[in-house]
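One structure is given below, encoded as structure tokens.
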Amino acid sequence: MRGKLTVGNWKMHGGLAENAGRLAALAGGWRAQAGRGLAVCVPFPYLAQARDALAGGEVGWGAQDVSAHAAGAYTGEVSGAMLADFGCRFAIVGHSERRQYHGERDEAVGAKARASLAAGVTPIACVGETLAERDAGTTGEVVERQLRAVIDALGADLPRIVVAYEPVWAIGTGRTATPDQAQQVHAALRGRLERAGARDVPILYGGSVKASNAAALYAMPDVDGGLVGGASLDAGELLAIARS
Ligand code: PEP
């Protein structure tokens with residue numbers, strides 16, 4: 001049975017002093033619960049801090065991106081093996097902000113997912129449509145295309161990943177997909193994963209998730225948890241979401 005996984009995405013926020021309080025609150029506030037998982041994806045420079053604060057506890061940690069390459073002359077890139085060195089459980093790949101500001105294309109996202117998995121770090125592969133695409137009625141087509149690139153890149157390893165449906169129009173806008181809107185897309189993604197032999201891949205919902213709306217989203221049969229941006233900067237809020 002699939003449980004509920006909540007993953008915080010701090011984006012480019014934080015600092016050593018600020019993180020210390022946040023990480024201590026997460027470590028102290030989260031107890032292992034059957035079928036519930038919690039992790040935070042922090043900026044690269046703070047991976048060691050997250051590891052030191054969270055190691056030995058129940059809260060996992062990860063990164064917000066990973067290189068598609070294993071090693072070499074790729075200035076500024078961070079490999080999956082480097083993330084594994086710091087105990088990362090997860091790496092987000094294909095976040096819409098990477099697609100939008102760094103020109104990441106579907107094939108690159110697939111390659112990043114493959115590289116992450118090869119290093120033993122679970123990729124959280126993000127898909128999601130823009131408002132214009134939703135208004136044009138192409139949501140299904142867009143997320144299917146984005147997911148297909150990951151399916152094609154991973155082959156038999158597909159069951160080992162996590163997928164996140166993050167409608168771009170709901171990220172950081174305060175505008176959340178309704179539980180029914182989320183369920184509709186998640187069910188379509190589930191169908192596509194099932195056809196690829198990976199029915200039980202967890203599918204997280206992301207886009208302005210808060211403690212006040214998480215329970216209704218998490219109650220949907222194909223919503224297996226949340227990828228939480230802004231609200232994850234408040235440890236109490238993230239804990240409340242994870243307990244939803
Ligand atoms: C995200 O960054 O993945 C995200 C969903 O952000 P927010 O929760 O702030 O919308």
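Counting starts at 1 for both ligands and their atoms, following the listed order.
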Q | Qualifying ring-ring contact (aromatic ring centres under 6.0 Å, His included) pairs, either residue in residues 71-120, two or more places apart | A | His69-Tyr74

Q. For ligand 1, does Ile171 get within less than 4.0 Å through its side chain, its backbone, both, or neither, judged by non-hydrogen atoms?
A. both

Q. Gln49 side chain to Leu16 main-chain N or O, any donor-acceptor pair under 3.5 Å?
A. yes

**Q.** For Gly230, the ligand 1 atoms whose distance to one of its heavy atoms is below 4.0 Å
**A.** 7 (P), 8 (O), 9 (O)

Q.
Which residue and atom name correspond to the protein heavy atom nearest atom 4 (C) of ligand 1, and how close is it?
A. Gly229 N, 3.6 Å

Q: Kindly state each residue pair satisfying ring-ring contact (aromatic ring centres under 6.0 Å, His included) with at least one member in residues 176-209, sequence neighbours excluded.
A: Tyr165-His186

Q. Got a second to check how far Ile92's CD1 is from Lys112's NZ, nearest 0.5 Å?
A. 12.0 Å

Q) Which ligand 1 atoms, with their elements, are less than 4.0 angstrom from a heavy-atom of Gly172? A) 7 (P), 9 (O), 10 (O)

Q | Proximal ligand 1 atoms for Gly207, defined as those under 4.0 Å from one of its heavy atoms | A | 5 (C), 10 (O)

Q: Could you check atom 1 (C) of ligand 1 against the protein and tell me its nearest heavy-atom contact, residue, atom and distance included?
A: His95 NE2, 3.2 Å

Q. What atoms of ligand 1 come closer than 4.0 angstrom to any heavy atom of Glu166?
A. 1 (C), 3 (O), 4 (C), 5 (C)

**Q.** Atom indices of ligand 1, in the order listed, that fall short of 4.0 Å to a heavy atom of Ser208
**A.** 7 (P), 8 (O), 10 (O)

Q: Give the intermediate values and the outcome of side-chain hydrogen bond (donor to acceptor under 3.5 Å, both in side chains) for residues Glu129 and Trp169.
A: CA-CA 8 Å; Glu129 82 287 6; Trp169 49 271; 2.9 Å; yes

Q) Does ligand 1 have any atom that is closer than 4.0 Å to a heavy atom of Ala231? A) no

Q) Of all the atoms in ligand 1, which lie at a distance below 4.0 Å from a heavy atom belonging to Lys11? A) 1 (C), 2 (O), 4 (C), 6 (O)

Q) Short question: side chain of Asn213, backbone of Ser208 - any donor-acceptor pair under 3.5 Å? A) yes

Q | Under-4.0 Å heavy-atom contact with ligand 1, by part of Ala170 that carries it | A | backbone

Q | salt_bridge(Arg190, Asp224) N-O dist < 4.0 Å | A | yes

